[in-house]
Structure formats: C-alpha cells, structure tokens
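Each remark here refers to the structure printed beneath this line.
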Amino acid sequence: TPPKATPPKATPPKATPPKATPPKATPQPTASPSLPFSPPYCPSPPPSSPPYCPTIPSSHTFRLRQLHSLLAPHKPLEFINNQPEASLEGLAPAEDLASFKEAQESTRQALGLGGSEEYRLGRIQFGSFEVDTWYHSPYPREYTQLPVIYVCEFCLKFYKSTDTLYRHANICKWRHPPGNEIYRKNLLSIFEVDGEKHKAYCQNLCLMAKLFLENKTLYFDVEPFLFYVLTKASHYGCHFVGYFSKEKHSAQNCNVSCILTMPQYMNHGYGKMMIDFSYLLTRREQKVGSPERPLSDLGLISYRSYWKDVILEYLIRLGKQDAISIKELSQESGLHCDDIISTLQFHGLLKYWKGKHIILRRKVGVVHLGHVMSHDRLLLSGFVGRTRSVV
C-alpha cells in the first residue's frame, strides 16, 4: 500500500513588531531678554508653567524708566536744559537730595537762569516777526518749557509748532480784533473790545503782554475792563501793533490800566498816539484822568514826553498872559493836576517864589526849541472831537 500523503503544516504568520514612535520634543524655554544686571539663580520651572522669564522688581523698573528719561539721546540740548528734573525721590538719601537741590539753585542764580520753578519763554513767533521776550508770563507749563511758541496775530491763540499754527491759519477766519472799530485813519485802526464779551481773546492778550511788562498782574479777570487795540492794515488783515486797557468804572479816575506797544513797532509814535487817545476818551466823558501806578520805565518816559508836549503847547498859546491856572489847564487837556505839577518840576519850569508858584517863561522857550511839537503831529481826525497825538 502506498504511504499516505501528509498535509503540509500551516505556518502561522509572522508577527510584525510595532513601529517605535519617536519621543515628542519637549518645548525649550525661550531665552530671557537682556537685562541691565545679571539675574539671580533661577530654579527650573514646573512643567505646567509657561516658559520662564525672570521678573524685574517694580522698584527697579521705575528707576530704569527714570534713568532712560534722563539720558534720552535723541532730545536736543536746549530742550533738555529747559526740562524740569525728574523726581529723584528714593534714588538717594534725603540729606543728599537736599544738598544737591541747594547747590543746583545756587548755580542757577550764579548763571542768571532764574529759579527752578520758573521757566521763561525765549521767543515768540508773532506774524512775520520773531520777538525776544523780556519777562516771565504764566502760560501753561508745557509752553514755558519750549524755546519758542507760535502766536496767531489775529486771534492771539498760541501753539507749540509751526505745523499746528499753519493748520490753525487755514481755518482761522479772523482778520481783525473782535469788538467795534471806533477809529480809522489811513492804515491805522483802533478797536474797542469788551473783556466780558470776548474773554478768551482778552486773556490771551494779557498773557502775551506780560512777556514785555514787568508790573502786570492781571491775566484772567478781564471782565471789568475795556481793551483798545491798535492795528495796522495790509492786504492780509489788521496786524496787531499795541493796546491799552482801562476799567469800566474806576474809583480813582484812571484812564489807562495797562499800555503796551509791541517791540517791533516801538519808536514809531504809536505809544504816544494811544496815550493821546486815552485822554481824548477822558475829555469826551468830561473827566480828568491819570494812568494807573506804578508805571514801567518805558511807560514813564512816554507819559512824561506827552505831558510836556501838552503843557508847552498850552503855555505858548497863552502868550504873555500873566495869570496861568493849572486847574484850567487840567480841565482843557484832561491831565490830572498832580501830573501837570510833577512834569513842570521835572523839567525845572516851576519855582516857588514869595509864597507863590511861578513858571519860568524863558526856560519854557528853551525847552520848546529843544523839542519841536507842532510840525511832527499826527492828528486823530478820524475820531470826532479835539485831540493831540504826537508821533
């Protein structure tokens, strides 16, 4: 018998080993930002926390911010010199800070820079003129720290840069001061501005005037005053020349509280013209007036010159008349009797003799020849009423 065929044994499939998955990369901590000092030893952060970055204490951050503001290299030198010092509290002992401030103040006074709390503007750009200032004015502090500010010559608003001034000029519709025009002669005009109706304009006017007047103390309380603004016309508008102000109801009969001629228009006779206009208003009210004291140096010179012209003209017109009444001179000219007597004494024209005050006529002629009046006069013919204005 043939042998039985044995069936082949089924070989089980070979088990394929599972593929090894590479381990996931753990996120590496990001590099910490560079610090101005080496950080202390930092232990490894817990696995659930975000990438670790050492924190700077708040006190160190405040000090670094102060040092950065003090050492900013991009600011010009004159800007840094006009900046107030940053607060140094907490950076040094109190005794060292006191001695430092004392030495700083003495150095400022030695260099003529003024006190540390007062910053004076160096210049203002006013129309086509760049004018150097004389005194401190209480503009906002961010303006007084600048070397120059830019003032619109029509509405008197002030700005920090030429760009903002140009943008304002494109939308500014003013071409003359507000109020009523009460006088016009050729190119000259005078506008009467009520401080109560145009408060912002009058306040800006007082702030600008303080830059050139030492004794001015009125800045914001402008409602009780009238402002008379002198302008000179051109094809572009009425340009500011000067102004004077007076109280609406003065107990001392002061016809001028403050008077100013801009420096670029000085020595052209505008100051005496405004003085004469103030006395013209006084005469129309049938009163006797005098300027408010104290007068500035330039104001005293202008007033004495005007008083001398009025008195000499009156004396020469009287001729050889024996009796001269100071009261009649006061009523006719509007000058106060005290101003007349002080002017005569200042020029040596008044003398006390035999119990009477006499005027030296010979000296009147000498003074008159030394200062010609009648040929260089600017008559205010554009205003109704008699007037005397000296160029």
Side-chain angles (χ1 to χ4, degrees), residues 78-79 81-84 105 107-162 165 177 193 201-222 225 227-232 239-246 256-275 278 291-306:
E78 60 272 10
F79 183 79
N81 288 339
N82 288 329
Q83 290 291 328
E105 191 68 24
T107 304
R108 284 181 178 274
Q109 295 178 0
L111 297 177
L113 299 179
S116 58
E117 298 298 329
E118 179 180 300
Y119 296 88
R120 182 172 65 86
L121 283 171
R123 301 182 307 277
I124 62 170
Q125 184 74 33
F126 190 73
S128 58
F129 299 93
E130 191 174 75
V131 187
D132 294 333
T133 62
W134 299 349
Y135 304 103
H136 168 75
S137 180
Y139 278 98
R141 192 172 183 83
E142 60 268 19
Y143 290 88
T144 57
Q145 296 169 2
L146 299 175
V148 58
I149 65 171
Y150 304 87
V151 183
C152 176
E153 60 179 336
F154 298 114
C155 65
L156 303 184
K157 293 182 179 179
F158 45 90
Y159 299 93
K160 295 181 180 180
S161 64
T162 54
L165 178 64
V193 184
Y201 177 87
C202 296
Q203 287 178 348
N204 292 335
L205 176 58
C206 292
L207 287 175
M208 185 180 66
K210 183 62 181 72
L211 295 172
F212 309 101
L213 298 174
E214 183 179 8
N215 298 322
K216 184 172 180 57
T217 57
L218 173 70
Y219 314 116
F220 305 108
D221 186 18
V222 296
F225 293 87
F227 296 81
Y228 296 88
V229 183
L230 175 64
T231 63
K232 187 174 183 180
H239 304 276
F240 183 89
V241 175
Y243 88 102
F244 71 91
S245 62
K246 71 171 186 176
V256 169
S257 298
C258 180
I259 185 170
L260 169 71
T261 303
M262 293 297 289
Q264 64 268 28
Y265 293 107
M266 287 185 176
N267 299 324
H268 289 76
Y270 297 121
K272 287 186 179 179
M273 177 181 176
M274 289 188 290
I275 292 174
S278 66
E292 187 176 326
R293 266 67 171 186
L295 290 172
S296 62
D297 296 337
L298 294 177
L300 182 60
I301 293 174
S302 299
Y303 267 97
R304 279 179 175 172
S305 179
Y306 173 78

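Heads up: numbering here begins at 1 and tracks the sequence.
Between the NZ atom of Lys272 and the CD1 atom of Ile301 there is a distance of 10.5 Å, given to the nearest 0.5 Å. Atoms SG and CZ, from Cys206 and Phe225 in turn, are 8.5 Å apart once rounded to the nearest 0.5 Å. One finds the NZ atom of Lys246 at 8.5 Å from the OG atom of Ser278 (value rounded to the nearest 0.5 Å). Of the inter-residue distances, the one linking Cys258 atom SG with Glu292 atom CD reads 9.0 Å to the nearest 0.5 angstrom. One distance of note links CG of Leu260 with CG of Leu230; it measures 11.0 Å at 0.5 Å rounding. Atom-to-atom distance recorded for Asp297:CG and Ser302:OG is 11.0 Å, nearest 0.5 angstrom.
The side-chain heavy atoms of Thr261 and Phe244, taken from C-beta on, include no pair separated by under 4.5 Å. Residues Phe158 and Pro140 meet the side-chain proximity criterion, which asks for heavy atoms closer than 4.5 Å. Looking at Met208 and Asn204, their side chains never come closer than 4.5 Å, going by heavy atoms from C-beta outward. Within the 4.5 Å cutoff, no side-chain heavy atoms of Met262 are placed close to those of Phe129. Taking 4.5 Å as the limit, every side-chain heavy atom of Thr231 sits out of range of all side-chain heavy atoms of His239. Contact annotation: the side chain of Tyr228 never approaches that of Val256 to less than 4.5 Å [non-hydrogen atoms, C-beta and beyond].
Remark: side-chain polar atoms of Gln203 are paired, donor with acceptor, to backbone N or O of Phe220 under 3.5 angstrom. Using a distance-only test at 3.5 Å, with no hydrogens or angles considered, a donor-acceptor pair links the side chain of Ser137 to the main chain of Leu207. The closest donor-acceptor contact from the side chain of Arg293 to the backbone of Pro291 lies under 3.5 Å. Between the side chain of Lys210 and the backbone N or O of His136, at least one donor-acceptor pair lies under 3.5 Å.
Across all their heavy atoms, Gln264 and His268 have their closest contact at O-CE1, 4.3 Å. When every heavy atom of Lys232 is checked against every heavy atom of Tyr270, the shortest pair comes out as NZ-OH, 3.8 Å. Among all heavy-atom pairs drawn from Val193 and Cys202, the shortest one is CG1-SG, 3.8 Å. Among all heavy-atom pairs drawn from Thr144 and Tyr139, the shortest one is CG2-O, 3.6 Å. Of all non-hydrogen atoms in Pro177 and Val229, the two that sit nearest each other are CG-CG1, 3.8 Å.
Taking the six-membered ring where the residue is Trp, Tyr243 and Phe240 present tilted rings, their angle falling between 30° and 60°.
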Query raised in the report: What do the steps show when you test Tyr201 against Leu156 for side chain to side chain contact (heavy atoms under 4.5 Å, CB included), and what is the final call?
Result: CA-CA 7 Å; Tyr201 177 87; Leu156 303 184; 3.8 Å; yes
Query raised in the report: Checking side chain to side chain contact (heavy atoms under 4.5 Å, CB included) for the pair Met266/Leu298: CA distance, chi angles, key distance, verdict?
Result: CA-CA 10 Å; Met266 287 185 176; Leu298 294 177; 4.0 Å; yes
Query raised in the report: Checking side chain to side chain contact (heavy atoms under 4.5 Å, CB included) for the pair Phe212/Ile124: CA distance, chi angles, key distance, verdict?
Result: CA-CA 11 Å; Phe212 309 101; Ile124 62 170; 4.1 Å; yes
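In summary, the aromatic rings of Tyr150 and Tyr159 are positioned with their centroids too far apart to meet the 6.0 Å limit.
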